[in-house]
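Reading through the structure tokens given below for one structure.
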There are 2 protein chains.
Amino acid sequence: MAHKYETVASGIREIIDASLVAHDALPSERELMSRYSVSRMTVRAAIAKLADEGLVYNVHGSGTYVGSKDLFLKTPKLTSFTEDMTSRGYVASSRPLALSRIDADEEIARHLGVPVDTECTHLRRLRLADNNPMAIEDVYLPRTVLEIEHLHLDQSLYEQLTEAGHEVYRAEQEIQAITLSEEDSRILGVPSGSAALSVERVSSSRRGQLIEFARTIYRADRYSFHIAVTRDNNEK
Amino acid sequence: MAHKYETVASGIREIIDASLVAHDALPSERELMSRYSVSRMTVRAAIAKLADEGLVYNVHGSGTYVGSKDLFLKTPKLTSFTEDMTSRGYVASSRPLALSRIDADEEIARHLGVPVDTECTHLRRLRLADNNPMAIEDVYLPRTVLEIEHLHLDQSLYEQLTEAGHEVYRAEQEIQAITLSEEDSRILGVPSGSAALSVERVSSSRRGQLIEFARTIYRADRYSFHIAVTRDNNEK
DNA sequence: AAGTGGTCTAGACCACCGC
DNA sequence: CGGTGGTCTAGACCACTTC
């Protein structure tokens, strides 16, 4: 355990697991200070971390309390398809449908922030969960980010990007409902004209460099999107 | 300006607006300390607030930088339909379709965490943007939260809930693609069988009490969901 | 090696809640 | 009123990036 506040945070987790339920009060910050022999700032750093995850919440002047279990879910996180499926209890797999070098059309160029006709790598994959079709994914990468010859279909794309010095840190996602094309319906094994969930993702590095544009089309009958949001009343 | 860190945060905003663009470095924390005559912790509190909003980001050992404009605004936030439409540049309006007292069925009871047959208030509204149908919204509230006689159709529901001591603080949302029913297609003015975006929301207070279950069905041709996500590599 | 953000101490006073 | 979390000071050392 590298840092003290992480030790304290783990300790608080144990206290909660051992003896507290939703809306019970935690020991006060001053009590935790002496219990772990740390300064108050360290206790507050630990609590801030747990509050960020929604495990506890603060009430000014009253105390810190255990959050309700129904609301445990973390802030939405950027995950790979494999991570996403694993967390949903499926075994993820993948079948390549196409891999080619293309010139960016207007839409791809706009999303990647590059000029039209910039050389790009295009990868189209069928994504499966427990060996059943779940989604069709199209990924577009500027050739300068990852050359097509260096792309290994049997390794995680994010891992390869990290190794190439383009670690994905954040992404913007646009979620919409669409009606499946004839071809996509056939690939996904659903009736033609079915509804589907389209997720367009633009990924970037910590420093803001655009790395990837991807569109994933999920079967509506097998996939939904779950996010937790909070109301920010303390702006400005 | 109540607190010093807010003053510092405003000052940093001004510095950015006046002379910095995306990925430029901010003055160092120690420089800001002396410039505003505050302690380092206060500077860090200000920067933490701005980083939370995505306006700046930290790089350990290097500096604090201005976030890229494309990526800064969209931390997912819990918004009312009116706020949402306003931020998208539309004028929101509403037309009540039904208001009744019902007994919770299994689904509603599960979402609201109450026994089946608990008395609830049900409000169904057509939501319009610039006077064009955008969505159909069904809201279910336990009667103990807001009695049907106290519900005013001409006032914001969230305002009324706040006044009744049930301020909505966070929500879990489930987003999926659906195929519109005959009736909903007619109400929304789209062809029968069109795809639509369904957003189910369970709202709760800061203390975790479940307040509201709502399902909003958006026209797929007019609405999409935009969220920014980050990759959390620092868990555990 | 110099400069940056990350963690931490040992105090202090303020704002808010509940009795 | 006493106890709580919220803000703040004036230092310190560590970890990391950059040159």
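If you're wondering where the values come from, they're calculated on a predicted model, not measured in any experiment. Naming: A, B, ... by sequence-line order, numbering from 1 per chain.
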Among [options], the one nearest [X] by side-chain distance:
{"X": "B:Y5", "options": "D:dT7, D:dA12, C:dC8", "answer": "D:dT7"}
{"X": "B:S28", "options": "C:dT4, D:dG6, C:dT7", "answer": "C:dT4"}
{"X": "B:H3", "options": "C:dT9, D:dC8, C:dG6", "answer": "D:dC8"}
{"X": "B:M41", "options": "D:dA15, C:dT7, D:dC8", "answer": "D:dC8"}
{"X": "B:T42", "options": "D:dC8, C:dT9, C:dG6", "answer": "D:dC8"}

Do the side-chain N or O atoms of [X] get closer than 4.0 angstrom to the phosphate oxygens (OP1, OP2) of [N]?
{"X": "B:R44", "N": "C:dG6", "result": "yes"}
{"X": "A:S39", "N": "C:dA10", "result": "no"}
{"X": "B:R30", "N": "C:dG3", "result": "no"}
{"X": "B:S62", "N": "D:dT17", "result": "no"}

In whole angstrom, give the distance that lies between atom [atom1] of [X] and atom [atom2] of [N].
{"X": "A:L26", "N": "D:dT4", "atom1": "CG", "atom2": "P", "answer": "12 Å"}
{"X": "B:E29", "N": "D:dA12", "atom1": "CD", "atom2": "C1'", "answer": "15 Å"}
{"X": "A:K4", "N": "D:dC13", "atom1": "NZ", "atom2": "C1'", "answer": "12 Å"}
{"X": "A:Y65", "N": "C:dC16", "atom1": "OH", "atom2": "C1'", "answer": "12 Å"}

Axial cation check for B:Y223 ring with B:R88, 6.0 Å and 45° limits: yes
Partner residues of A:F225 under the ring-ring contact (aromatic ring centres under 6.0 Å, His included) criterion, sequence neighbours left out: none
Given DNA chain C, 5'-ward residue of the pair A:V38 and A:G61, judged by closest heavy atom: A:V38
Identified salt bridge (charged side-chain N to carboxylate O under 4.0 Å, His left out) counterpart of B:D138 within the set B:R215, B:R124, B:R201: B:R124
Rounded distance [0.5 Å steps], CD in A:E6 versus NZ in A:K49: 5.5 Å
5'-most by nearest nucleotide on DNA chain D - B:A45 or B:M33: B:A45
